[in-house]
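To keep things clear, I will list the structure first and then write my remarks on it.
Computed from a prediction, not measured in an experiment: that's the story for all the values here. Sequential numbering from 1 along the given sequence is applied to the chain's residues.
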Amino acid sequence: MSDLTSRASQGLCVDAVRVTEYPDRPTNRASAQARLGALRQAVAAAAGEQGATGGWADQDDEVLGNQGRASAATGRAIAGKVVPALPGLAERLDGQGSRILDIGTGIAALALALAEAYPRTEVVGIDVMERVLELARKELADTRTEAADRVTLRHADVVGIAERAAYDLVWLPHPSRRFYWA
């Protein structure tokens, strides 16, 4: 076990807070903007100006974009710190035909960061919000890279995923800011 990982009943637990404590310079700006968006959301909720659901669907595109771009740091941290700490995973992701599933992909910034880190890997991003997937499609099209071409977006809920043993790595955001691998 590294200082980033520990055993848990759910599998291998990775402390996402420690993984992303040193984001790169471009992500610092997006991270600050995402925090500001969260603060605006909290103020709106306190003032009773919250939208119908009080969740992501109520956020404007700028908030969704900033939050998504901030998640790219997590993708780079997974590739640079977490994957090397898990025996055999780097080799699997470097192999032809490897696949990663990004659950709750948002604007696909994390998915793109992983596709950039693993040039032979297909990354599938799923989200329940069609609107955010439209933003993701635009972000990927604007990127115009080979890595962006290896990111596939699907409007889906993780509950409906029928594929078994189809992915080498699955990113599932966890409310406690920890994530798990079996």
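R131 and E134 are not joined by a salt bridge, as no carboxylate oxygen comes within less than 4.0 angstrom of a charged side-chain nitrogen. Between E122 and R150 there is no salt bridge, since no side-chain N of the basic residue sits under 4.0 Å from a carboxylate O of the acidic one.
Between A72 and A113 the shortest heavy-atom distance is O-CB, 3.7 Å. Taking all atoms of both residues into account, the shortest heavy-atom contact from T121 to S98 is OG1-OG, 2.6 Å.
Side-chain contact between I107 and V132 is present, with at least one heavy-atom pair separated by less than 4.5 Å. In this structure, I103 and I161 have side chains that are not in contact, with every pair of non-hydrogen atoms separated by 4.5 Å or more. By the 4.5 Å heavy-atom criterion applied to side chains, Y167 and I100 are not counted as neighbours. The closest side-chain heavy-atom distance from D94 to E91 is not below 4.5 Å.
Y118 contributes a side-chain N or O that, together with a main-chain N or O of A79, makes up a donor-acceptor pair within less than 3.5 Å. Side-chain N or O atoms of S71 include none that pairs as donor or acceptor with a backbone N or O of T74 at under 3.5 Å. Formation of a donor-acceptor pair under 3.5 Å by the D168 side chain with backbone atoms of R99 is found in this model. A donor-acceptor contact shorter than 3.5 Å is absent between the side chain of D157 and the backbone of V128.
Within a 6.0 Å radius of CZ in R137, other residues, nucleotides and ligands contribute more than 12 heavy atoms.
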